[in-house]
Amino acid sequence: MDFQKNTSAGFLINQLARLFARNLQQNIADLGLVLGQFPILLELWEKDGLTQKELVARLDLEQATVANTLNRMERDKLVRRVKDLNDGRAQRIWLTETAKALRAPAYAAATGVNNSALSALTAEEQTAFLALSQKLINGLRRAP
């Protein structure tokens, strides 16, 4: 079978992800946030005080990517690093009050993008799409 981009799951998912990212960036720009910070903020809003290593594992990102993003976030006064009391080599990443205050408007921005995209689907299709997306993600995480 020949490769056809319009029937390629990878191509279509990549296109969808880029469109989501573009729309989210437009919606969070007024908050002073950039797209690369958003996944880290989501994790820290869920559980503040993670280590950089824990963020790398949770986000499935490269160590250097997370380190560079955290440097920028620290510069922008969104996070602060504090030595771990139990492991002198590790630092815990804590949200600043500025970052905590951005949670509700950032969630609203992301919800708006999601609602806009999913509005093209029926409620049943939305449920199926989300379930199938999770299934694909889990399958790819287990792949060698």
Qualifying residue, where the test is side-chain contact (heavy atoms from CB on, under 4.5 Å) with Leu102 and the options are Thr96, Leu33, Leu41: Leu33

Is there a path of hydrophobic side-chain contacts, each under 4.5 Å between heavy atoms of I/L/V/M/F/W/Y residues, joining Ile137 to Leu24? no

Verify same cluster id: Leu31, Leu35 (apolar side-chain graph, 4.5 Å): yes

In terms of hydrophobic clusters joined by side-chain contacts under 4.5 Å, are Leu19 and Leu12 together? no

Measuring from atom CG of Asp76 to atom OG1 of Thr69, what distance do you get when rounded to the nearest 0.5 angstrom? 11.0 Å

Sorted by chain and residue number, the side-chain hydrogen bond (donor to acceptor under 3.5 Å, both in side chains) partners of Ser119 (sequence neighbours excluded) come out as none

Would you compute the distance between atom CZ of Arg81 and atom CH2 of Trp94 and round it to the nearest 0.5 angstrom? 15.0 Å

Side-chain heavy-atom pair Met73, Arg80 within 4.5 angstrom cut-off: no

Closest heavy-atom pair and its distance - Trp45, Ala106: CH2-CB, 3.5 Å

Before giving the answer on side-chain contact (heavy atoms from CB on, under 4.5 Å), spell out for Val66 and Leu70 the whole-Å C-alpha distance, their side-chain angles and the decisive distance to 0.1 Å. CA-CA 6 Å; Val66 173; Leu70 286 172; 3.7 Å; yes

Ile28 versus Gln37: any side-chain heavy-atom pair under 4.5 Å? no

Validation row: Asn138, Lys135 side chains within 4.5 angstrom (heavy atoms): no

Got a donor-acceptor contact below 3.5 angstrom from the Asn14 side chain to the Gly10 backbone? no

Could you tell me the separation between the CD atom of Glu43 and the CD1 atom of Ile93, rounded to the nearest 0.5 Å? 13.0 Å

Roughly how far apart are Gln25 CD and Asn27 CG, rounded to 0.5 Å? 9.5 Å

Determine yes or no for a side-chain-to-main-chain donor-acceptor pair under 3.5 angstrom, with Ser133 supplying the side chain and Phe129 the backbone. yes

Hey, any chance Val34 and Val79 share a hydrophobic cluster, counting ILVMFWY side chains that come within less than 4.5 Å of each other, even indirectly? no

Taking atom CZ of Arg75 as the centre, does the number of heavy atoms from other residues, nucleotides or ligands within less than 6.0 Å exceed 12? yes

Considering all heavy atoms, the nearest Gly49-Leu44 contact: N-CD2, 4.1 Å

Arg18 versus Gln15, side-chain donor and acceptor atoms under 3.5 Å: yes

So, does Gln126 use its side chain to make a donor-acceptor pair with the main chain of Leu118 at under 3.5 Å? yes

Say you draw a straight line from CD of Gln52 to CG of Leu50; how long is it, rounded to the nearest 0.5 Å? 11.5 Å

Evaluate the criterion side-chain contact (heavy atoms from CB on, under 4.5 Å) for residue pair Arg58 and Glu46; output intermediate values, then yes/no. CA-CA 12 Å; Arg58 285 174 174 238; Glu46 189 175 290; 3.9 Å; yes

Can you tell whether the side chains of Glu54 and Arg92 come within less than 4.0 Å, N to carboxylate O? yes

Single-linkage hydrophobic cluster, 4.5 Å side-chain cutoff, Tyr107 and Leu78 together: yes

Enter the distance from Ile40:CD1 to Leu61:CG here, rounded to the nearest 0.5 Å. 7.0 Å

